[in-house]
Amino acid sequence: MRGATSQCVLLGSLACGLWLALLLAYLLRNLGTEQLAGEDPGTVWLLGDRRPAPHPAAWLPAPQERFGRPREEEELDEERLEMSPGNKRILYVPSDLNDEALTFGFNVTKSRVLGDEREVSDTRNEMCRKKRYPYHLPMASVVICFHNEELHALLRTVSSVIARTPAHLLEEIILVDDYSDLNDLKEELGHRLEKFWREVKFIRNKRREGLIRSRMIGASSASGDVLVFLDSHCEVNQVWLEPLLDAIAKDPQMVVCPLIDVIDSVTLQLRPSPLVRGAFNWHLQFQWDHVFSYEIEGPEGPTTLIRSPAMAGGIFAINRRYFSDIGQYDRGMDLWGGENVELSLRVWMCGGRLYVVPCSRVGHIAKQPVQYKQALLQAMDRNTVRLVHVWLDGHKEQFFRRRPDLKSIAYGNVTERFELRRQLGCRSFQWYLDTVYPELESLMLS
Ligand code: UDP
Ligand code: MN
């Protein structure tokens, strides 16, 4: 009898368990589709890059793009992969992707709904929130260059700076319109900026200059002690500027980057990034890299400034005079790309320092670069070749072995940049490898 009862109980519980498991599976499946359905299917689109990520950690925010986050391989739909010839970037282009999203690189519908201003969650570490900075710090000129940026993303960038920067530290915001042709960015933008007339200076380029020269145009009309460069689709977080200014006040040859949080290109939600440093591979492509745990074991813990071999490029702060002293940017570089690695090498090799400041957080829309035009790809390649010739010394071959197609392309005249290197008395690339970024040598055979 006892045996029969326990058999009944056992069978009953097994049946119950089975039903529960089935119910759970059904619920999970539905939840998944509901979430997707809520994400505006017209603009749900993904990008991937099939080059293996240099580090397996999925949390690294941007191995391939300057900021974008790679998707898992299996999320890609093979039929929709396209190869762009220049840099083998593989793009995922759903057929129902709307044209606007293709133009801007993110979910435009969502951006319009969010509007010109919003609150964002404080992504800083607890220890950062307890930190105090001197009241008197150098003043900042924030330079934001844009070319055909989505209006609301641009306005959120400006309004986030105004809302979250103490007025006594903000000399000005300099907007440089790099010859945009979108209607929204003409009169409409002018009207929307009227309320910020005290803070915002507006420059419109008379021809397309590209990001690199536009930044120099912005910098030349700045009067703050420190230049802070931002992309035109950012949202700065609480107390973002003080830690950057504080580091530069202590050492004017210090170039500093905030920790860049990811604003998802589809949902536009802010995703906090882990502590990372900037680096690059032998293709001279920027990538995020792990921070060694011993670097944050000191008393400052996760608030410690992190030595960084390279910067992502879009967002950083630099003493204005120092920016001029070390030769700004290479004027011979076009449009966009390569300038971040060039400046990083120049800073390190010519006596400066480059650090990530983890208590300064800036959100950046990790755009999907689905519409890289041929001209942009060519500019990136040409810019990179310029920097290879000026800065890589005997290690040039490491680059050309991987990009034999670039060995004989025309890259213009680099005499002035060589002369700058001589005048500044810069160290060798071997010194940089030995002292700043020894991990690159281990990638020598890859
Ligand atoms: N930009 C510009 N002129 C150009 C190309 C880009 O002013 O010819 C601006 C662009 O609007 C953005 C910034 O430069 O504010 C960086 O470009 P993007 O965000 O496309 O680069 P990513 O963040 O993908 O590295
Ligand atoms: Mn950007």
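Start at 1 and go down the list; that is how both ligands and their atoms are numbered. Computed from a prediction, not measured in an experiment: that's the story for all the values here.
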Point to revise | Distance flag, aromatic centroids of Trp282 and Phe280, threshold under 6.0 Å | key: no
Revision key, fill the gap. Short version for Ser232: what comes under 4.0 Å of ligand 1, heavy atoms counted, is both
Check your understanding: Near the Mn ion (ligand 2), is there an N/O/S atom from Cys234 that is less than 2.8 Å away?
Key -> no
Revision key, fill the gap. Numbered in order shown, the ligand 1 atoms found under 4.0 Å of a heavy atom of Arg208 are 4 (C), 5 (C), 8 (O)
Practice item. Sort and list the pairs that fulfil disulfide bond (SG atoms under 2.5 Å apart) and have at least one residue in residues 319-366, not counting sequence neighbours. Key: Cys128-Cys359, Cys350-Cys426
Review point. Does NZ or CZ of Arg427 lie under 6.0 Å from the centre of the six-membered ring of Trp348, at an angle within 45° of the ring axis?
Key: no
Practice item. May I ask you to identify, for Lys367, whether its side chain, its backbone, both or neither come under 4.0 Å of ligand 1 on a heavy-atom basis? Key: side chain
Exercise for review: Quick one: report the N, O or S atom of Asp231 that is nearest to the Mn ion (ligand 2).
Suggested key: OD2
Point to revise | Name of the residue among Glu126, Glu242, Glu300 meeting salt bridge (charged side-chain N to carboxylate O under 4.0 Å, His left out) with Lys131 | key: Glu300
Review point. Side chain, backbone, both or neither: which part of Leu211 has a heavy atom under 4.0 Å from ligand 1?
Key: both
Review point. Can the ring centres of His283 and Phe399 be said to be less than 6.0 Å apart?
Key: no
Practice item. Flag Cys145 as yes when one of its N or O atoms lies below 3.5 Å from any N or O atom of ligand 1, and as no otherwise. Key: yes
Check your understanding: Is the Tyr437 ring parallel, tilted or perpendicular to the Tyr432 ring (thresholds 30°, 60°)?
Key -> perpendicular
Practice item. Can you sort out which atoms of ligand 1 are near Asp178, meaning under 4.0 Å from one of its heavy atoms? Key: 2 (C), 3 (N), 4 (C), 7 (O), 8 (O)
Review point. With a cut-off of 4.0 Å, which atoms of ligand 1 are near a heavy atom of Phe146?
Key: 7 (O), 11 (O)
**Study point:** With Ser232, the side-chain hydrogen bond (donor to acceptor under 3.5 Å, both in side chains) member among Arg156, Glu149, His147, Glu150
**Key:** Glu149
**Study point:** Close approach, Gly210 and ligand 1, non-hydrogen under 4.0 angstrom
**Key:** yes
Review point. Which of the atoms of ligand 1 are close to His364, meaning less than 4.0 Å from one of its heavy atoms?
Key: 23 (O)
Review point. So Tyr329 and Phe229, would you call those rings parallel, tilted or perpendicular, with 30° and 60° as cut-offs?
Key: tilted
**Study point:** Min heavy-atom dist His233 to ligand 1 below 4.0 Å
**Key:** yes
